[in-house]
Each structure stands twice: as C-alpha cells, then as structure tokens.
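Each remark here refers to the structure printed beneath this line.
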Amino acid sequence: MDKFDTNGLGGMEFDGAEDMQFFDMDPELEPDELAMDAAGLDDPAGATIDRILLQTWEELGRKDSDPQGQLPEPPVEEFRDQEYRDTFDSDFEAVMEGGSREEPKAFVRHKRRRKRKEMKRRDAGLFGIPHFLCTMILWFIVVLTGFSAAMLVWICADDVLALKRRDKEVKVTIAETDTMEDITKKLVDAGLVRYEWLFNFYADYSNARDKIGRGEFTLNTMYDYFAIVNALGRSSVNRTEIEVVIPEGYSCRQLFALLESEGVCSAEELQQAQKTVEVDDYWFMDNLSREGEYPLEGYLFPDTYRFYTSDDPERVLRKLLNNFERKFDDAMIGRISLLNDQLAEKLAANGYDEAYIASHKMTVHDVVNIASMIEKESAGSGESDLIASVIYNRLCSPDFSYLNIDATVQYALGEHKDRLTYKDLEIDSPYNTYKVAGLPAGPIANPGISSLRAALQPEETDYYYYALDTDGTHYFTRTLEEHNAFLASLGGETEPDE
C-alpha cells in the first residue's frame, strides 16, 4: 500500500488495491488539454508533470493560505501523472482538503476536451463547403472560362481572317482627311470588317494608317485584315483607276478643272500642291520662280494618264512632271545649243552686238514659253513650224518690239474670247505681248511634243505676220501691207503700223 504525507491534508491513507480499482486508469494516457491551456502550453512534450502539478496547486488557492507566500514543494512521488487528477475530479480535491469522499457510483471516463478555438473539420473547404463540392465548382469555373476564351478567340479569328465571308466586291473611298476611325467605319459599312474595336487595334499594331492611301478602292469581302490594309495601300492594284486625256495646249487652270471633274483631285488641292511639291530633282526647274499663280505652267505634259480616284495631288503633279522629263530628252536638250547658234546669226545679221546676243540666248524655259504660244496659236501641227518662224523672226528683228500674239491676251484675261476687242489688247499684264516687249512672263499653256520640237527647230522663213483664214488655217505674210490686204479681203479690221 502506498502512503504519502499530504503535509496538512489530513494524513489520509489509501489502500492501493481498492483505490486502483477506483482509478481504473487507461493503459494509454493522453495529455489533458485543459491543463495545457491553463499552463499556456501548446505542446505537451514541453511540460513536465511537476510543473503541471504546481500550476494546479496554485489554482486551488493554496498560495494565499501560506503566510510566507511560499508554496510547499510537492513531493516528486505525488501525482506523477496528471490523469490522476482527471480521475479523482472533485472527490479528489475533497480528500486533499481532509474530507471524506463518497463512493463513486460509477466511473465515467472523461473525454478529451476540445480547445476553446474550434478547429475546422478536415473535410470542409472554403466557407465550410465540402472539399469535393469546392473542387467541382472550381473545375466548372475553369471550364466555363476556357470555353468563353475559346469562343472569343474564334469570333475574333473569324473577323480577322475572314473565315466565313461570302465573295463580294465592294468599293471604298478614302479621303486625305480621313482618320483611322473614319476608315474603319467605312470598312464596317462596306461589310469588310465586323468589329470596329478589333480592326482599330490591328491598325494600331500594324501602323496601318501610314500604309493606307487615298482614293477609291475595289475590295472583296473575303479579304482578311492583312489583305485589306495592303489593298488600301498607296500603290495597291485594288485602287480604282481612271483614264484621263489631257489635251495639248491646256493651261494649268483648265487642267486642274479637268482633273477635278474626273474625280482625281480638287482644283484647289492641285493649286496648293504646285507650290509645295518637291521639284529639286527636276533639272528643268532649276532657277525657276515659284511665286506666280501657276509656277508649273508649261511643264505638266499633256498626254493620256491613269490616275487613282481621290489621288494625292502631289503624286499627280509629279507624274506629269516625270512625263515632261522623259519627253524632253537629251536630243531635245542638245537642240537648244543649235537653236542659239541659228538665232545668233540672225541677230548679228540684224545689227545686234555680241553682248546683246550673249544675253539673249534661249534657255529651256524660253523654249517652253515659245512652244506654249505655238501650241495656242497653231490650227494644227502642220503650222507649228511656220508659227515658230514668225515668233523668232520678230524676236530677232529691231523693227518688231512686240510679238502681238492674241493667245497671250486671252491668258491675261483669264478667259477665252472668240474675238478680242481693242480694249482687251490694252490689258495691263506681264503676259500681254501687245504691251510687253519680247517674251511674256512665262508659258501660257502646257505644250505638246510637236510644239516643243517646232520651238527647237523653227522653219526658215521671212514671215512676220499671220491671220486666221476662213478654213481655220492661218495665212502667212511678209509685210504689213500684205497682212492688211488679207484682212481686208476677209472684211475685217486692218492692223496699224507697229
């Protein structure tokens, strides 16, 4: 029988065999969670049995009963296992205080008490939802998201790649002032694009606005985004082209009005572009003033052209200038020197000195100027050489200060008149050869190749006058008397002496 002194607990004796029946202890002892909480411990391995007993002793208030405030050191043999306390419960405390204990009616094994903070069930997930159900919901969200993303990709790919479009040609007109948003809206209206935001995104990514030109384009609804941008390019074969015939002798004013009527460019755009277009790479434009109303007059070569509708005005002008450069070839350039030699002989024969002759040599601009007058005065290419001879004969003769060419007056007036009046001949203009000695201020038209060649190779004649006959051709004469006689025969007014 084990006995232990309780040091003031009443000197109780315990019969080991009987009381061990009362204890009926489990062979497997488990840590008491309540005791662990009271000791401030989480891990039972970190506590000793002695410390647990001491803490329990303090809770029972034994410390206050000790006048010295010191607790007696419990025997090491006392209560070596905390489970004794759990077993005795309140009866045990009564025994410890010297009272008698009642015989337990029946021993009830104490269950483990849970921690104050209830732990989640191992099979519970988010918000207490079972893990299995959470997994199913998560998989549903993933599948739904993937399906939605796949559908979005397919819808976008269908529009970008034109996968389900029908074969149909449409026309789209792009203006110079159109923004990328304006262009996209036109493409949507034409059925080429379905989603504006998607094409605008593609356009930003591919710098499409820098590649797209202006004009009318013929596209197909089966074009994908890449093909659409290429088809709208400045050099695209899909741009609608029109053929325009520029007649020989058209002035810039007439030419610009023609191009506007054909839908190539507006006259105002061309008017502005002729003063800003880059011309430094054209040799015939060297030292040429750009200050006049039509600085490119004479150099926009008349021919048959193919332009885009709503074309770029500078591109149009350069196309005409390029053609002039091709037509006025090296052989014609070489003819300028031969022409100056012929004119030098004429001038010298008429009494002009070498200084005057040197200062009056013909340049390419002078040749174009004369060719423009030939073009406007000639009734046909067969007369061009004769008209040229009259002009050069007058320029080389001291007896004729003025060329007296009616076409220059018409140009100065800005309109065509079937018959000029004496008042018209008095117009103050640098182009009026009835008032300005020598050549007019510049070309009065854009001459064709026949007039240019006639200006470079004039006929050798002694004609100084010509007048329009009733059959539409010109009658050429040597003297003023012959000229007036011809006019009188037509019933017209004669010209005074110059």
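The structure presented is a predicted model; accordingly, all values stated were derived computationally and were not measured.
Without hydrogens or angle criteria, Asp366 side chain to Thr363 main chain gives a donor-acceptor distance under 3.5 Å. Under a 3.5 Å cut-off, the side chain of Thr173 and the backbone N or O of Gly215 do not form any donor-acceptor pair. Between the side chain of Thr240 and the backbone N or O of Glu216, at least one donor-acceptor pair lies under 3.5 Å. Between the Ser451 side chain and the Gly448 main chain, no donor and acceptor come within less than 3.5 Å of each other. The backbone N or O of Glu459 sits nowhere less than 3.5 Å from a side-chain atom of Asp385 that would complete a donor-acceptor pair. At least one donor-acceptor pair closer than 3.5 Å links the side chain of Gln274 to the backbone N or O of Glu293. For the pair Lys376 (side chain) and Thr408 (backbone), a donor-acceptor distance under 3.5 Å is absent.
Counting non-hydrogen atoms of neighbouring residues, nucleotides and ligands closer than 6.0 angstrom, the CH2 atom of Trp283 exceeds 12 such neighbours. More than 12 heavy atoms of other residues, nucleotides or ligands shown are found within 6.0 angstrom of CZ on Arg306. Atom NZ of Lys275 has more than 12 heavy atoms from other residues, nucleotides or ligands within 6.0 Å. Applying the 6.0 Å contact sphere to NZ of Lys417 captures more than 12 heavy atoms from other residues, nucleotides or ligands.
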*Can you list the steps and then say if Leu288 with Leu296 is a side chain to side chain contact (heavy atoms under 4.5 Å, CB included)?*
CA-CA 9 Å; Leu288 191 63; Leu296 301 183; 5.8 Å; no
*Show the numbers, then the answer: is there a side chain to side chain contact (heavy atoms under 4.5 Å, CB included) between Gln272 and Glu268?*
CA-CA 6 Å; Gln272 295 173 352; Glu268 182 180 358; 3.6 Å; yes
*Can you list the steps and then say if His365 with Tyr299 is a side-chain hydrogen bond (donor to acceptor under 3.5 Å, both in side chains)?*
CA-CA 9 Å; His365 188 63; Tyr299 299 96; 2.6 Å; yes
*Check the pair Thr184 / Asn200 against side-chain hydrogen bond (donor to acceptor under 3.5 Å, both in side chains), numbers first and verdict last.*
CA-CA 7 Å; Thr184 302; Asn200 283 330; 2.7 Å; yes
_Stepwise side-chain hydrogen bond (donor to acceptor under 3.5 Å, both in side chains) test for Lys171 and Thr218_ = CA-CA 5 Å; Lys171 291 185 181 296; Thr218 301; 3.0 Å; yes
_Between Val188 and Arg194, does the side chain to side chain contact (heavy atoms under 4.5 Å, CB included) criterion hold? Intermediate values first, please._
CA-CA 6 Å; Val188 171; Arg194 183 175 301 168; over 6 Å; no
_Asp462 and Asn393: CA distance, side-chain angles, deciding distance, side-chain hydrogen bond (donor to acceptor under 3.5 Å, both in side chains) verdict_ = CA-CA 7 Å; Asp462 53 0; Asn393 287 343; over 6 Å; no
*Do Lys186 and Asp178 pass the salt bridge (Lys or Arg N to Asp or Glu O under 4.0 Å) test, and can you show the C-alpha distance, the side-chain angles, and the key distance before you say yes or no?*
CA-CA 10 Å; Lys186 291 180 178 181; Asp178 281 349; 2.5 Å; yes
_Quick one, Ser251 with Tyr294, criterion side chain to side chain contact (heavy atoms under 4.5 Å, CB included). Give me CA distance, side-chain angles, the key distance, then yes/no._
CA-CA 9 Å; Ser251 66; Tyr294 296 102; over 6 Å; no
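Here Glu460 pairs with Lys346 in a salt bridge; the nearest charged N to carboxylate O distance falls below 4.0 Å. Remark: Asp303 engages Lys327 in a salt bridge, criterion side-chain N to carboxylate O under 4.0 Å. A salt bridge does not link Lys319 to Asp311: none of the charged nitrogens lies less than 4.0 Å from a carboxylate oxygen. Salt bridge Glu426/Lys435: present, at least one basic N to carboxylate O contact under 4.0 Å.
Taking OG of Ser310 as the start and CD of Glu269 as the end, the distance is 8.0 Å to the nearest 0.5 Å. Separation of atoms OH (Tyr466) and CD1 (Ile387) is listed at 4.5 Å; rounding is to 0.5 Å.
Using a 30° and 60° split on the angle between ring planes, Phe328 and Phe324 fall in the parallel class, below 30°. Between Tyr305 and Phe307, the angle of the ring planes stays under 30°, which puts this pair in the parallel group of the 30/60° scheme. Ring orientation note: the planes of Tyr356 and His360 are close to parallel, at an angle under 30° on the 30°/60° scale.
Side-chain contact between Ile174 and Asp182 is absent, with no heavy-atom pair separated by less than 4.5 Å. Between Met332 and Leu452, the closest side-chain pair of non-hydrogen atoms falls below 4.5 Å. Side-chain contact between Phe284 and Leu321: present, with at least one pair of heavy atoms (C-beta onward) separated by less than 4.5 Å. In this structure, the side chains of Leu300 and Asn323 stay at 4.5 Å or more apart for every pair of heavy atoms. No side-chain heavy atom of Thr479 sits less than 4.5 Å from a side-chain heavy atom of Tyr463. Under the 4.5 Å side-chain criterion, counting only non-hydrogen atoms from C-beta, Val160 is not in contact with Asp224. Two residues are said to be in side-chain contact when any heavy atoms from C-beta on lie closer than 4.5 Å; Tyr434 and Asp406 meet this criterion. Counting only heavy atoms from C-beta outward, the side chains of Leu403 and Leu439 approach each other to under 4.5 Å.
Between Ser389 and Pro458, the closest heavy-atom pair is N-CB, 4.1 Å. Residues Tyr431 and Ala412 approach most closely at CB-CB, 4.3 Å, considering heavy atoms. Of all the heavy atoms in Ala190 and Val172, the pair that sits closest is CB-CG2, 4.0 Å. Between Tyr223 and Ala231, the shortest heavy-atom contact is CE1-CB, 3.9 Å. Contact record, Cys265 with Val316: SG-CG2, 3.8 Å, taken as the closest heavy-atom pair. Summarising the geometry of Ser397 relative to Tyr464, their closest heavy-atom pair is CB-CE2, 4.0 Å, with the distance given to 0.1 Å.
Remark: of the listed residues Gln254, Glu375, Glu248, Glu297, Glu297 is the sole one forming a side chain to side chain donor-acceptor pair (under 3.5 Å) with Asn446. Partner Tyr225 forms a ring-ring contact (aromatic ring centres under 6.0 Å, His included) with one of Phe199, Tyr195, Tyr205 and no other, that one being Phe199. Looking at Asp281, Asp280, Asp312 one by one, the single match for salt bridge (charged side-chain N to carboxylate O under 4.0 Å, His left out) with Arg318 turns out to be Asp281. A side-chain contact (heavy atoms from CB on, under 4.5 Å) with Asn432 is found for exactly one of Asp424, Val409, Leu413, Asn404, namely Val409.
In this structure, a donor-acceptor pair under 3.5 Å is present between the side chains of Glu314 and Thr276.
Take Arg326 and apply the salt bridge (Lys or Arg N to Asp or Glu O under 4.0 Å) test, not counting sequence neighbours, and it matches no residue. Listed by chain and residue number, nothing satisfies the ring pair (Phe, Tyr, Trp, His ring centres under 6.0 Å) test with Tyr392 (two or more places apart in sequence, or in another chain).
Geometric assessment of Arg394 against the ring of Tyr465 yields a positive cation-pi assignment under the 6.0 Å and 45° thresholds.
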